[in-house]
**Q** 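Following this message is one structure expressed as structure tokens.
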Amino acid sequence: LNPIDFVDFGKVKRVRGTAVSCRIPPSSAARVAHSVKGVMHRLLPDVWIHTDVHSSSGKKRKSGDVGGCGPSPGLSVNLTATTTEGV
């Protein structure tokens, strides 16, 4: 492994991400992904945001959680950027 030097990290060339919703309507994750893409496309052309939806109608597990979610509804957006320097 080579050490990372954050003094010169270059320009952002690619953004990837995931919008995850849990126990809320699937359209919420789609709306957030669409909004994020709209903002990011103003800055650079290579943006992909995937949506991942978990609902409460899933099968109960041994731990008691349903559909891969906790007891509360929520929404999350995770973004990763790649630069021209590879950082």
Side-chain angles (χ1 to χ4, degrees):
L1 293 172
N2 294 330
I4 298 173
D5 186 12
F6 280 118
V7 175
D8 183 24
F9 50 85
K11 294 183 178 183
V12 175
K13 65 178 181 178
R14 172 181 308 135
V15 174
R16 300 290 182 259
T18 305
V20 181
S21 67
C22 185
R23 294 183 185 238
I24 59 174
S27 61
S28 297
R31 288 177 59 193
V32 168
H34 186 270
S35 297
V36 169
K37 280 193 262 186
V39 170
M40 298 306 268
H41 274 297
R42 293 182 201 161
L43 305 172
L44 62 148
D46 193 5
V47 179
W48 289 1
I49 309 292
H50 173 74
T51 56
D52 192 10
V53 178
H54 296 278
S55 65
S56 61
S57 63
K59 205 173 169 183
K60 271 204 170 186
R61 297 178 180 173
K62 290 181 184 177
S63 62
D65 64 342
V66 179
C69 296
S72 302
L75 183 69
S76 169
V77 177
N78 303 309
L79 297 175
T80 304
T82 305
T83 66
T84 57
E85 298 296 319
V87 179

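For the numbers below, each heavy atom of this structure counts, side chains included, while hydrogens, waters and symmetry mates do not.
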**Q** List the atom of A33, the atom of T51, and the distance in Å for their closest heavy-atom pair.
**A**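 Answer, listing the atom of A33 first, then T51: CB-CG2, 3.7 Å.
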
**Q** Quick check for you: to the nearest 0.5 Å, what is the distance between C22 atom SG and L75 atom CG?
**A**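 One gets 10.0 Å once the value is rounded to the nearest 0.5 Å.
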
**Q** Closest heavy-atom contact between T84 and G10?
**A**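 Here T84 and G10 meet closest at OG1-CA, 3.5 Å.
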
**Q** Roughly how far, to the nearest 0.5 Å, is the NZ atom of K13 from the OG1 atom of T83?
**A**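 So the OG1 of T83 and the NZ of K13 are separated by 7.5 Å.
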
**Q** Does NE2 belonging to H41 count more than 12 external heavy atoms closer than 6.0 Å?
**A**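 Count over threshold, so yes.
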
**Q** With rounding to the nearest 0.5 angstrom, report the NZ to CG distance, K11 to L44.
**A**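 Those atoms lie 12.0 Å apart.
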
**Q** Considering non-hydrogen atoms only, spot the tightest contact between G74 and I24 and give its length.
**A**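 Residues G74 and I24, closest heavy atoms: O-CD1, 3.6 Å.
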
**Q** Rounded to the nearest 0.5 Å, what's the gap from CG on D46 to CE on M40? Could you check?
**A**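 Answer for the CG-CE pair, D46 versus M40, is 11.0 Å.
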
**Q** Between the main-chain N or O of V20 and the side-chain N or O of S76, is there a donor-acceptor pair closer than 3.5 Å?
**A**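 Side chain of S76 to backbone of V20: no pair is present.
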
**Q** Identify the two heavy atoms, one from R23 and one from P73, that lie closest to each other, and give their separation to 0.1 Å.
**A**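 Answer, listing the atom of R23 first, then P73: O-CB, 3.6 Å.
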
**Q** Is there a path of hydrophobic side-chain contacts, each under 4.5 Å between heavy atoms of I/L/V/M/F/W/Y residues, joining V12 to V36?
**A**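 Yes, V36 and V12 fall within the same hydrophobic cluster.
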
**Q** Determine the minimum heavy-atom distance between I49 and A19, stating which atoms define it.
**A**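 That would be CG2-N, 4.2 Å.
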
**Q** For G17 and L79, work out which heavy atoms get closest and say how close.
**A**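 Closest approach of G17 to L79: CA-CD2, 4.0 Å.
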
